[in-house]
Amino acid sequence: MSADEATTSSTVNVKWVEDNLFVGSDEEGHSVVLDSSLSANPGRKAQSRGMGPMRTLLAALGACSGMDVAAILKKREQKLDSFSVEVTGKRRQFGHPKPYTEIHLRFQLVGAVLDEIYVKEAVTDSVQKFCSVAATINEKAKISFSYEVSRA
């Protein structure tokens, strides 16, 4: 079997708690609370107790790409003082399903001596080559990105 044919498998368990509340867990014992902004009981206002599945997808994309960028910059000996990724997704308001059609990642990096050339390379390589979440959803949604570098 070649390296291109080798596969890996991941499994998570999503357990219903009540109404639209679920808890997702992985084999290592990590958990995430998922809920919906829609009320399961007609006439009652929804009380969300967790992140919705579609927003969780955006968070996963931001975290995946953010991890890549941080690792690439560390290899380039670039010191981050703070770093965040704002992810915005656009999708239809009505009808089903409502997949994201456009997603924008806005990388905000702060560091006293960050070299913008390395930041641009790290962000571009992450979104276009390395981030597995981006690669998974890239066929369905147009992914764009921008970055801002501030001095500490």
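Just so you know, these numbers use all the heavy atoms, side chains as well, and skip hydrogens, waters and symmetry mates.
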field: Test item: side-chain donor near acceptor, S25 and H30, under 3.5 Å
entry: no
Quick one: pull up [atom1] in [X] and [atom2] in [Y] and give me the separation to the nearest 0.5 Å.
X: Y147; Y: Q108; atom1: OH; atom2: CD; value: 14.0 Å
X: K74; Y: Q78; atom1: NZ; atom2: CD; value: 13.5 Å
X: T124; Y: K129; atom1: OG1; atom2: NZ; value: 9.5 Å
X: S84; Y: L109; atom1: OG; atom2: CG; value: 8.0 Å
X: M67; Y: S132; atom1: CE; atom2: OG; value: 11.5 Å
X: D115; Y: K120; atom1: CG; atom2: NZ; value: 12.0 Å

Within the 4.5 Å heavy-atom criterion, are [X] and [Y] side-chain neighbours or not?
X: V17; Y: V33; value: no
X: E121; Y: R76; value: yes
X: V32; Y: V12; value: no
X: L105; Y: S65; value: yes

In a table with atom names and distances, give each donor-acceptor pair under 3.5 Å that connects a side chain of residues 87-97 to protein atoms at least two apart or in another chain.
residue: R91; atom: NH1; partner: K98; partner atom: O; Å: 2.9
residue: R92; atom: NE; partner: F94; partner atom: O; Å: 3.2
residue: R92; atom: NH2; partner: P97; partner atom: O; Å: 2.6

Provide the closest heavy-atom pair for [X] versus [Y] in the form atom of the first, atom of the second, distance.
X: D35; Y: G50; value: CB-N, 3.5 Å
X: L34; Y: G24; value: CD1-N, 4.2 Å
X: C131; Y: L61; value: SG-CD1, 4.0 Å
X: A141; Y: I103; value: CB-CD1, 4.0 Å
X: V23; Y: S31; value: CG1-CB, 4.1 Å

Judged by atom type as modelled, is there a donor-acceptor pair below 3.5 Å linking the side chain of [X] to the main-chain atoms of [Y]?
X: S126; Y: A122; result: no
X: Y100; Y: M54; result: yes
X: D19; Y: L21; result: no

Please determine whether residues [X] and [Y] belong to a single hydrophobic cluster, defined as Ile, Leu, Val, Met, Phe, Trp and Tyr linked transitively by side-chain heavy-atom distances below 4.5 Å.
X: L80; Y: V149; result: yes
X: V14; Y: W16; result: yes
X: I72; Y: L114; result: no
X: F130; Y: L73; result: no
X: Y118; Y: V123; result: yes

query: Should the ring pair F145 and F107 be called parallel, tilted or perpendicular, given that the plane angle runs from 0 to 90° and is split at 30 and 60?
result: perpendicular
- prompt: Among pairs that include at least one residue of residues 135-152, which meet salt bridge (Lys or Arg N to Asp or Glu O under 4.0 Å), considering only residues two or more places apart or in two chains?
  reply: R106-E148
